[in-house]
A.B. asks: 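Below is one structure. I have some questions about it.
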Amino acid sequence: MKWLTTAPVALALAVSLAACGGGSSQPSGTPTDALKGSDQQTLDKYTTADVTPIDKIDKTKLGLITEGTLRVGTLSDAPPNIFIDPSGKFTGYDNELLRAIGDKLGLKVEFASTDFSALLSQVANKQFDVGSSSISTTDKRRETVGFTNGYDFGYMAVVTKNDSKVKGFADLKDGVRIGVVQGTVQDDYVTNTLGLEPVRFPDYNTVYANVKSGQVDAWVAPSQQATGQVKDGDNTKIAEKVVNTQNFTAYAVNKDNKPLIDALNAGLDAVIADGTWTKLTAQWYTDRPTAKEQTPQGWKPGSKAVQVPAK
């Protein structure tokens, strides 16, 4: 792993993360070119035709760690999707949507903070019932965990200092110090699609701090998290962002726990049908006020059967 010798905090955190079983530092397998755009045939392969009606879900069969409660692993530093607010509450788009799904199923939802690179293995090992972290559903990840139907798509972004020579994805070339969060789709994209060696960090706060300090030239980021980090006065900017619907975003579940996946899919369809998904999307993504922005390139959330209500 290539690390900058002038970034001791990031190095110390990464060593600690590896010791906790955070998994491989470098993605492997077939690369995921997240900038190709929507591949509807691939998405349809995994999206269910319909769901089990809510009133047919047997909550005693969900294989939960604690009956009646969804124990959820999530992040604490990635607004507007997954973060802890000043009062100490786990919140953000992904987590509030999951709370709404839990309400439909009559389940209590409890969150705990973890690192992204450890999250999927923790779900696979049943340390958590669910992983909530804007997780892109790549085929490689499906070898480790199962996923619900999609509830979101994403953007990928390039974050730089204001005076950087890097203007966007086309400038990500050999010699550019590119920061990523370890184990993410962005790590996979830089490593396998671009064939470059990124500087890997354990979390969003740390990689962004290294952009601000000039230790890296650019951060390849989920656009939502880039928007949550970049602030006026930081001397940074989002140089470019591109829609990424190649792999939809979903909740991770132990891949052998089909009853829980089915239940969450039922709850997701319910919150789409009653307008909750639309309301939360507009609330947390202020750049997606209309159906056009919320469902680009033919993408839609939930099963094939559910309809997103017209505003």
A.B. asks: Got Val158 and Val242 here, is their nearest side-chain heavy-atom distance under 4.5 Å?
C.D. replies: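 Result no, sub-4.5 Å side-chain heavy-atom pair not found.
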A.B. asks: I'd like to know if the side chain of Asp85 and the backbone of Ser87 have a donor-acceptor N/O pair within less than 3.5 Å.
C.D. replies: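 Yes; at least one donor-acceptor contact below 3.5 Å.
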A.B. asks: Begin with the C-alpha distance, continue with both residues' side-chain angles, and end with the deciding distance and a verdict on side chain to side chain contact (heavy atoms under 4.5 Å, CB included) for Gln122 and Thr114.
C.D. replies: CA-CA 9 Å; Gln122 289 169 334; Thr114 188; 2.7 Å; yes
A.B. asks: Are the side chain of Asp234 and the backbone N or O of Thr236 linked by a donor-acceptor pair below 3.5 Å?
C.D. replies: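 Checking the backbone N and O of Thr236 against the side chain of Asp234, no donor-acceptor pair under 3.5 Å is found.
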A.B. asks: Given the ring of Phe153, does Arg288 sit roughly above its face, with NZ or CZ under 6.0 Å from the centre of the six-membered ring and within 45° of the axis?
C.D. replies: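 Checked: cation-pi criterion met.
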A.B. asks: Side chain to side chain donor-acceptor pair (under 3.5 Å): which pairs involve residues 51-64, sequence neighbours left out?
C.D. replies: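 Of all non-adjacent pairs touching residues 51-64, those that pass side chain to side chain donor-acceptor pair (under 3.5 Å) are Asp58-Thr60.
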A.B. asks: Is it true that, when you exclude Lys279 itself, more than 12 heavy atoms of the residues, nucleotides or ligands shown sit nearer than 6.0 Å to its NZ?
C.D. replies: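 12 or below, so no.
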A.B. asks: Cation-pi check for Tyr46 against Arg142: NZ or CZ below 6.0 Å from the six-membered ring centre and within 45 degrees of the axis, yes or no?
C.D. replies: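 Yes, Arg142 sits over the ring of Tyr46.
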A.B. asks: Please determine if Asp262 and Lys258 form a salt bridge, counting it only when a charged side-chain N lies under 4.0 Å from a carboxylate O.
C.D. replies: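 Between Lys258 and Asp262 there is a salt bridge, with a charged N closer than 4.0 Å to a carboxylate O.
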A.B. asks: Check whether Tyr251 reaches the backbone of Leu98 with its side chain - one donor and one acceptor, N or O, closer than 3.5 Å.
C.D. replies: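 Pair found, side chain donor or acceptor close to backbone of Leu98.
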A.B. asks: By salt bridge (Lys or Arg N to Asp or Glu O under 4.0 Å), which residues pair with Arg71, not counting sequence neighbours?
C.D. replies: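 In terms of salt bridge (Lys or Arg N to Asp or Glu O under 4.0 Å), with neighbours along the sequence ignored, Arg71 is linked to no residue.
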A.B. asks: Hey, does the side chain of Asp115 reach the backbone of Asp203 with a donor-acceptor pair shorter than 3.5 angstrom?
C.D. replies: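 Checking the backbone N and O of Asp203 against the side chain of Asp115, no donor-acceptor pair under 3.5 Å is found.
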A.B. asks: Can you name the residues that form a ring pair (Phe, Tyr, Trp, His ring centres under 6.0 Å) with Tyr93, not counting sequence neighbours?
C.D. replies: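 If we apply the ring pair (Phe, Tyr, Trp, His ring centres under 6.0 Å) test to Tyr93, skipping adjacent residues, the hits are Tyr285.
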